[in-house]
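Note that these values count all heavy atoms, side chains included, but never hydrogens, waters or copies made by symmetry. Residues take their numbers from the sequence shown, with the count starting at 1.
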Amino acid sequence: MRPIPASQVAKAVEVTAAMPRVHGAPIHVGDPASLGIKDLSHPDYGDPVTIKDGELPVFWPCGVTPQNAIMQSKLPLVITHAPGHMLITDVLNADLKGNG
């Protein structure tokens, strides 16, 4: 979840929808309870994020689920990300656009 100023939500959806091989478009904008989230101040992973006046909570699919599966499998080495620390590669954004 990322809080986005309400006036910029449409642009955030447009920009991220063009990147389906990464996170893609948000799966939900607005009321967290609609997703079964009762309290944003106690996330399952990472630190809580403050939503300021004029911002909406915007939810994207995330790598946390596969990351949890990797941790449970106890592999000897895995390169992934942590909240606020994304994996960086030499793959260009242009190569991540589209479905093909």
Side-chain angles (χ1 to χ4, degrees):
M1 187 286 294
R2 296 247 186 241
I4 304 283
S7 64
Q8 295 178 10
V9 168
K11 188 64 170 177
V13 171
E14 176 187 343
V15 168
T16 59
M19 305 295 280
R21 293 183 179 165
V22 190
H23 286 286
I27 58 169
H28 181 71
V29 175
D31 183 14
S34 297
L35 296 173
I37 299 170
K38 295 177 183 174
D39 186 357
L40 286 177
S41 66
H42 294 93
D44 291 338
Y45 295 93
D47 298 321
V49 177
T50 301
I51 300 174
K52 299 174 186 169
D53 286 341
E55 293 181 332
L56 294 173
V58 182
F59 299 85
W60 278 268
C62 182
V64 171
T65 301
Q67 198 168 357
N68 189 41
I70 289 168
M71 290 187 319
Q72 296 301 317
S73 68
K74 301 184 187 322
L75 297 171
L77 176 67
V78 175
I79 299 173
T80 183
H81 71 279
H85 306 280
M86 298 297 116
L87 174 65
I88 299 173
T89 72
D90 60 352
V91 177
L92 301 176
N93 283 345
D95 295 335
L96 297 171
K97 288 187 175 184
N99 293 321

- Message: Between N93 and M19, does the side chain to side chain contact (heavy atoms under 4.5 Å, CB included) criterion hold? Intermediate values first, please.
- Response: CA-CA 8 Å; N93 283 345; M19 305 295 280; 3.8 Å; yes
- Query: Stepwise, does the side chain to side chain contact (heavy atoms under 4.5 Å, CB included) test hold for V49 with L40?
  - Reply: CA-CA 7 Å; V49 177; L40 286 177; over 6 Å; no
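For D39, the side-chain hydrogen bond (donor to acceptor under 3.5 Å, both in side chains) partners are S41, H42, not counting sequence neighbours.
Taken to the nearest 0.5 Å, the CG atom of D53 stands 11.0 Å off from the CD1 atom of I51. For the atom pair CE (M1) and CH2 (W60), the distance works out to 10.0 Å, reported to the nearest 0.5 Å. Between the CD1 atom in I4 and the NZ atom in K11 there is a gap of 13.0 Å [rounded to 0.5 Å].
The heavy-atom pair separating P61 from H23 by the smallest distance is O-ND1, 2.6 Å. Closest approach of G30 to F59, counting heavy atoms only: O-CE1, 3.7 Å. Of all the heavy atoms in P48 and P43, the pair that sits closest is N-CG, 3.7 Å. The nearest pair of heavy atoms linking V13 to P26 is CG2-CG, 3.7 Å.
Between the side chain of E55 and the main chain of K52, a donor-acceptor pair closer than 3.5 Å is present.
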